[in-house]
Amino acid sequence: MADIRRQSPMRFNTGPCRTEVRDNWTVTLAYDDEGDGPWLTDLAHKIRWDLQDGNIDAVKPSGLTIPASPGRCTLAGGTLINRMNGTQASIYHLGAKAPALPDFAGYTDVSESMVFLALFGPGVFYIAEKLTNLDFMDPAGKAPFLLQGPFCHIPCQIVILEKTPDGSGGFLLTCSRGYGDSMVAAILKAGAEFNLRPAGENRFDTWISCLSGEI
Amino acid sequence: MNRLNQLPTLRIDPAVNHSLTYRGRTYQGVAGDTVATALFANGVRIFGRSLKYHRPRGLYSLDGECSNTCMEVDGIPNVRAENTLLENGMTVKEQNVKGSAERDWLGFMDKLDWMMPAGFYYKIMHKPAAIWPMAMKQIRKAAGLGIISADHKMKGRYDEQFLKAEVTVIGGGAAGMAAALAAAQSGRRVILLESRPHLGGCFDYRVSTTSDGTPLHERARQLAEKVKQTTNIRLFEHTSMVGAYNNNLITAFQVGKADDGFTECYIEIRSDSVVVATGCIERPLLFDNNERPGVMQVGCAHRLARTYGLLPGNAAVFSVGHNPGLEAAVDLFDLGLKINCVADIREDGQDPALLLALTERKIPVLKGWVATKAHGSKMVQKATLCTIDGMVKRQFSCDLLVASAGLTPVSGPFILAQAIMGYDDHTGYFLPDQLPEKMFPAGRITGINDPDAIETSGRLAGLEAASAAGADLWTKVAETRNALAAMPGPERGCKLVIAPVKGRKSFICFDEDATVKSVKQAIDQGFDVPELVKRFAGVGLGPGQGGIPGHNLPLFVAKYTASKETPKPTTVRPPLVPAFIATYAGYNHHMFKRTPIHHSQKADGGIFRNIGVWQRARYFTADVDCKEEILNVRNNVGMLDASTLGKFRIHGPDALKALQRVYVSDMGKAGKDRIKYSAMCNDDGCVIDDGVVVKRGENDYYFTTSTGRAGQTAEWIRYHTRYDNWDFHLVNLTDAMGVINLSGPNARKVLTKVVDIDLSNEAFPFSGYREFYIQDTIFTRALRLGFVGELSYELHVPSSYMQAVWDLLTEAGKAFGIRNFGVEAQNVLRMEKGHIILGQESEQRTNLLDVGLGFLWDRSKTVARTVGAVALRQAANDTGRLTLVGIRMEDDARPARDGSLIVDNKVRGYVATMRRSFTSGEAVGMALVESQLAGAGTRLEIFEDECNGVRIYARVVPMPFYDPEGERMKS
């Protein structure tokens with residue numbers, strides 16, 4: 001069999017210093033100089049599912065209860081469930097491994113559909129407000145919560161996992177895969193004055209571990 | 001010039017020098033200077049020349065309220081030198097001069113004002129008409145502000161921010177700061193915008209005191225410190241509000257400091273409520289030569305000394321109509337300015353303490369007097385004062401005439417928020433009759449001038465704004481309102497409209513050189529309301545946005561017309577202050593989609609074009625006719641990246657019903673191993689999309705759409721089933737799957753080397769659908785289609801594996817000479833086959849029947865009402881419609897351009913696509929023509945753009961032009 005590799009929709013100019021191959025993805029674990037944050041991490045290799053069903057509240061992805069209200073999220077055991085609307089939820093598997101797609105027609109594996117990235121660290125929301133008018137810092141929004149709307153004019157699904165009053169924290173962003181190059185260029189340009197750098201999966205895992213204490 | 005370096009009010013740092021170059025000489029300013037104050041410190045008094053008359057102009061407001069000090073800075077014209085902080089190494093030039101600002105050869109224009117009455121642009125130099133183009137060129141040479149090169153590139157970095165706040169405060173004076181602090185106490189997010197580089201407003205430079213004896217400048221700094229320490233207040237200094245829109249959308253732009261990451265930053269704020277604490281500017285005093293260098297407003301003179309340490313002159317005359325004018329006279333005297341006389345327009349009502357202070361300093365005060373003329377050809381040398389009834393006159397020598405008729409509120413934010421403005425007889429201000437929703441005024445804009453009352457009104461507005469944003473502060477609001485009521489209220493304003501002069505050289509608008517006389521001329525010609533005068537006489541149309549004439553024009557029009565109605569102000573529009581277009585453009589990120597193999601396509605020589613949201617490879621050689629690409633597909637095998645196709649999953653118990661609703665065919669016939677081609681129409685029966693559908697399981701379908709429709713398809717289906725309560729779900733997989741179109745007579749041979757299924761025509765026939773794994777790893781959906789008219793496989797693979805599959809096929813196809821083909825080659829190939837592209841062979845009016853796709857329409861379908869079916873039934877017997885036909889040029893060497901018109905004595909249709917076929921050697925294409933012209937052999941006359949009357953001709957011929965039986969694609 002030929003040496004088959006998968007490709008991410010995102011490309012950074014910085015070269016990785018540590019990688020590992022996982023499910024034909026070349027996953028970057030760390031970059032040479034990741035700086036002190038904020039950071040941008042490519043999560044294209046993480047599994048995402050779409051779940052749609054008329055009776056969605058009865059479905060338990062990975063044994064978890066789907067939040068009742070659109071915009072609310074649940075993060076547990078490395079699984080993030082985001083309630084999108086009355087009949088739909090998105091499910092992100094943030095850990096190293098993901099379960100097989102359940103044998104239920106309502107699920108669709110949409111990992112290939114989207115850019116999936118994490119933007120986290122100090123002052124990260126000051127970068128975000130240069131690219132979107134979505135209200136990441138809404139005092140009424142208790143992390144984790146979901147925003148659906150334009151980021152850099154592109155329809156996105158954004159999950160705020162952490163926020164502090166000084167504009168720090170982090171969020172996950174998905175958008176159509178084709179926008180990968182444009183989105184990364186826009187974010188890095190907006191984040192240049194904040195010293196935004198690409199970061200590997202290790203740093204992302206550390207952050208998520210701090211948030212949930214479970215991964 | 002020596003600076004007053006020890007003042008506690010200074011906003012400069014005399015220890016840090018900055019240099020600038022002006023007229024070939026290097027001047028020294030200091031940190032904190034503006035370009036204007038640095039030049040002033042070096043003795044420059046004339047900054048430029050006026051628009052029409054080339055009159056000398058100098059410092060006037062120090063806030064850029066007019067074009068007096070617009071200069072070219074570092075190659076950028078029309079920069080407001082008063083608002084632009086000095087940076088080391090700047091190069092500054094004067095504008096609108098022939099020669100220099102000091103000696104302008106066109107200064108004689110000032111004597112020719114009689115030749116340029118109001119509206120002269122509209123009335124003369126038009127007859128005979130041939131004169132106008134010449135006259136226009138000469139006028140443009142003589143008049144105007146800065147000049148910019150058409151290919152000028154703005155330097156700097158232009159940023160943008162999109163903010164959300166519960167309360168936005170416009171204006172960082174004492175009232176604005178108090179409002180922000182009060183609102184922030186509720187925990188709400190507060191944004192504070194201040195147009196100057198520092199907080200303080202009218203407190204910032206004044207030494208008079210609050211009721212507890214604190215100097216105002218000190219109080220301003222105390223409040224500023226509190227603001228900066230309050231974490232839920234976001235402060236934006238040097239930030240001008242420029243627009244207000246529905247639902248309190250406030251726009252502004254910030255000028256970056258040296259250590260900021262931007263030159264200017266455009267800001268959009270969605271705010272629940274807004275406090276307007278923009279304060280007041282001064283109402284210019286109308287008298288002869290009222291814009292001569294050396295004439296300046298009270299705040300300008302006062303701030304020059306207190307903020308920048310520069311005495312505005314040596315000997316001054318004051319002609320003012322408010323207490324801040326008297327206060328400035330006292331303070332400037334104490335700083336060393338000789339004051340020969342203070343004329344107060346008011347007969348009475350002055351602050352007794354200020355009158356006493358003037359008396360103690362032996363400064364003569366004339367009550368009920370006003371300046372009528374500034375003398376001096378380039379600079380003020382003396383001033384004529386007279387009683388406001390014009391009976392008694394006196395002259396005083398001076399090099400500085402401080403003049404102000406009173407204050408006028410900066411009400412632009414209210415006007416932009418669509419407030420109906422009225423005239424307040426007590427203050428003489430134009431204020432909103434009714435406040436816009438969730439907008440609150442604070443501070444001097446309400447007419448108050450008492451420092452304690454200014455702060456309290458700010459606090460009240462902040463509490464009200466926070467309450468309007470959801471905070472429960474109504475008790476505090478009531479308490480603060482009562483406290484404010486016990487304080488000094490709005491002061492009576494000065495009502496003088498104009499000094500007793502004829503007004504030939506009394507300028508009501510400095511930007512446009514509009515005088516009182518020209519306003520009278522406009523009114524005398526029937527333009528008797530301010531909005532008409534504004535346009536006819538050009539009053540307030542310049543970069544100052546009506547800052548100078550905004551108050552005086554309606555007052556003067558009301559007075560001159562003896563109107564019994566209250567004066568009405570003219571409107572203002574965004575941007576309230578001039579902003580660079582580059583600032584509005586911001587980042588200008590180019591957001592577009594790329595396919596999963598974009599980079600390898602580029603490496604293969606792909607020449608890309610933006611097609612909708614996608615970038616696609618249109619050609620792979622410099623030959624735009626794509627001959628080699630086309631022939632390789634016809635004779636061998638080629639690969640096209642077709643990843644942009646729309647791809648969807650629809651599932652759920654009612655999925656089929658939804659498909660039946662939007663597709664014209666009976667979608668119940670979609671099978672597991674076969675594709676079903678069909679089309680969608682809108683309610684008018686006009687065809688909007690086509691694609692294929694595959695049934696993958698029970699209530700589970702996969703379908704494709706055209707590239708252009710992919711973004712709308714899900715909403716389209718939901719919209720057309722919105723009342724049915726059907727249980728189905730859509731998943732957009734457009735980006736999830738890359739698509740490779742492998743086409744050509746050798747396509748099977750290439751694919752056989754990569755997959756291990758039986759690809760024979762019997763096992764996988766035309767219109768077949770198969771799913772398999774490549775290399776046991778890559779899940780693939782394969783569709784036997786024939787869009788380009790050859791044996792073709794459309795392979796849908798996960799996007800992340802797209803490059804891997806492409807590389808495998810490339811390797812496998814090497815032996816067959818496989819090569820890329822792009823969108824243009826595909827366009828020609830499918831055209832030869834007579835396959836249409838919606839949008840190319842159709843337009844808004846084209847229905848399913850017009851393009852020959854009527855065979856797709858299942859008229860007997862009863863399962864669900866098909867969108868467009870009613871209209872199609874009505875159109876079925878309509879003979880007056882356009883029909884898609886094949887055409888061939890009479891001259892095969894001369895294909896018509898796409899979009900060319902088919903005409904006789906009127907337009908009869910148009911050419912949709914036409915190319916010279918490399919397969920047949922004929923110039924063939926498709927056209928939409930009126931049905932009478934659709935008969936085979938009909939001669940068509942074609943009109944092309946820029947054909948200079950030379951028509952070309954084609955005839956209707958049968959389609960398709962290539963492989964009419966479809967043997968090649970079905971083999």
Side-chain angles (χ1 to χ4, degrees), chain A residues 1-9 11 24-25 44-45 50-55 87-88 105-106 108-115 126 128-140 152-155 165-167 175-183 185-187 189-190 192-194, chain B residues 157 159-164 166 187-189 231-232 260-262 265 268 270 587 589-599 613-614 643-644 649 651-653 697-700 727 729-738 774-778 798-805 807-808 811:
Chain A
M1 191 177 85
D3 187 21
I4 291 174
R5 286 282 179 269
R6 306 173 79 168
Q7 289 194 346
S8 165
R11 288 169 177 232
N24 296 325
W25 293 98
H45 55 285
D50 174 79
L51 173 60
Q52 295 186 64
D53 192 75
N55 190 22
T87 60
Q88 190 173 14
T108 309
D109 189 325
V110 290
S111 310
E112 297 280 353
S113 292
M114 293 175 287
V115 170
Y126 296 126
E129 70 186 13
K130 293 170 71 173
L131 298 165
T132 179
N133 57 11
L134 294 173
D135 191 5
F136 288 74
M137 297 298 287
D138 182 0
C152 225
H153 310 294
I154 303 302
D166 65 351
C175 68
S176 291
R177 189 184 201 276
Y179 287 115
D181 283 342
S182 297
M183 186 61 78
I187 292 173
K189 189 172 180 184
E193 65 175 297
F194 299 92
Chain B
R157 184 186 157 111
D159 217 329
E160 54 199 14
Q161 280 181 297
F162 305 93
L163 309 176
K164 178 76 177 72
E166 281 72 53
R188 273 21 186 201
R189 290 176 295 176
T231 53
N232 56 331
D260 282 329
F262 56 85
C265 179
E268 256 184 37
R270 278 279 173 202
Y587 275 125
H589 295 299
H590 294 286
M591 302 302 291
F592 43 76
K593 287 173 124 177
R594 286 175 169 169
T595 70
I597 56 166
H598 175 92
H599 297 284
V613 296
W614 290 93
S643 301
T644 61
R649 179 191 178 204
H651 63 92
E698 193 61 30
N699 301 323
D700 200 345
D727 185 3
H729 308 283
L730 280 155
V731 186
N732 188 341
L733 298 173
T734 299
D735 289 51
M737 313 283 278
I774 295 176
Q775 304 265 2
D776 296 328
T777 303
I778 305 170
S799 290
S800 65
Y801 283 119
M802 174 77 173
Q803 186 68 57
V805 176
D807 292 344
L808 287 169
E811 185 63 30

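Just so we're on the same page: letters track the sequence lines, and every chain starts at 1. Remember, it's a predicted structure, so these values are computed and weren't measured experimentally.
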His729(B) vs Thr108(A), side-chain contact (heavy atoms from CB on, under 4.5 Å): CA-CA, chis, key distance, verdict | CA-CA 11 Å; His729(B) 308 283; Thr108(A) 309; over 6 Å; no
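- Taking chain B as the reference chain and counting heavy-atom pairs below 4.5 Å, the highest number among Ala185(A), Pro155(A), Cys152(A), Ala128(A) is found for Cys152(A).
- Using a 4.5 Å cut-off between heavy atoms, Asn232(B) makes no contact with chain A at all.
- Looking at Tyr126(A), the atoms closer than 4.5 Å to chain B (heavy atoms on both sides) all sit in the side chain, from C-beta outward.
- Proximity to chain B (any heavy atom under 4.5 Å) is shown, for Glu112(A), by both the backbone and the side chain.
- For the pair Tyr179(A) and Asp735(B), the minimum side-chain heavy-atom distance is 4.5 Å or more.
- Interface remark: of the candidates Lys189(A), Glu193(A), His153(A), Lys189(A) forms the most heavy-atom pairs closer than 4.5 Å to chain B.
- The CD1 atom of Ile778(B) sits 4.0 Å away from the CD1 atom of Ile4(A) when rounded to the nearest 0.5 Å.
- The closest donor-acceptor contact from the side chain of Gln52(A) to the backbone of Leu730(B) lies under 3.5 Å.
- Interatomic distance, Tyr801(B) OH to Arg5(A) CZ, rounded to the nearest 0.5 Å: 9.5 Å.
- One distance of note links CG of Leu733(B) with CZ of Arg177(A); it measures 13.0 Å at 0.5 Å rounding.
- Of the atoms belonging to Ser176(A), heavy atoms from both backbone and side chain fall under 4.5 Å from chain B.
- For Asp700(B), no part lies near chain A; criterion is any non-hydrogen pair under 4.5 Å.
- Interface check for chain B: of the options Val110(A), Asp109(A), Asp53(A), the most heavy-atom pairs under 4.5 Å are formed by Asp53(A).
- Heavy atoms of Leu134(A) lying under 4.5 Å from chain B are absent altogether.
- The shortest heavy-atom contact between Met591(B) and Ala186(A) is SD-CB, 4.2 Å.
- Using a 4.5 Å cut-off between heavy atoms, Thr231(B) makes no contact with chain A at all.
- Top candidate by heavy-atom pairs under 4.5 Å with chain B, chosen from Pro165(A), Gly106(A), Pro9(A), Ala44(A), is Gly106(A).
- For the pair Arg189(B) (side chain) and Met137(A) (backbone), a donor-acceptor distance under 3.5 Å is present.
- Scanning both residues, Arg649(B) and Ala105(A), for their nearest heavy atoms gives NH2-O, 2.7 Å.
- Rounding to the nearest 0.5 Å gives a distance of 5.0 Å between CD of Gln7(A) and CD of Gln803(B).
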Going through the checks in order, is the side-chain hydrogen bond (donor to acceptor under 3.5 Å, both in side chains) test met by Asp181(A) and His599(B)?
-> CA-CA 11 Å; Asp181(A) 283 342; His599(B) 297 284; 2.9 Å; yes
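- Considering only heavy-atom pairs separated by less than 4.5 Å from chain B, the leading option among Asp135(A), Asp50(A), Asp138(A) is Asp135(A).
- Considering SG of Cys265(B) and NZ of Lys130(A), their distance stands at 7.0 Å, rounded to 0.5 Å.
- Neither the backbone nor the side chain of Arg270(B) comes within contact range of chain A; no heavy atoms are under 4.5 Å apart.
- Interface residue Ala190(A): backbone and side-chain heavy atoms are both found under 4.5 Å from chain B.
- Interface remark: Met114(A) contributes no atoms to any contact with chain B (heavy atom separation under 4.5 Å).
- Rounding to the nearest 0.5 Å gives a distance of 13.0 Å between OG1 of Thr132(A) and CD of Gln161(B).
- With a 4.5 angstrom heavy-atom cutoff, Glu811(B) does not touch chain A via any of its atoms.
- Contacts of His589(B) with chain A are made by side-chain atoms alone, with heavy-atom separations under 4.5 Å and no backbone atom involved.
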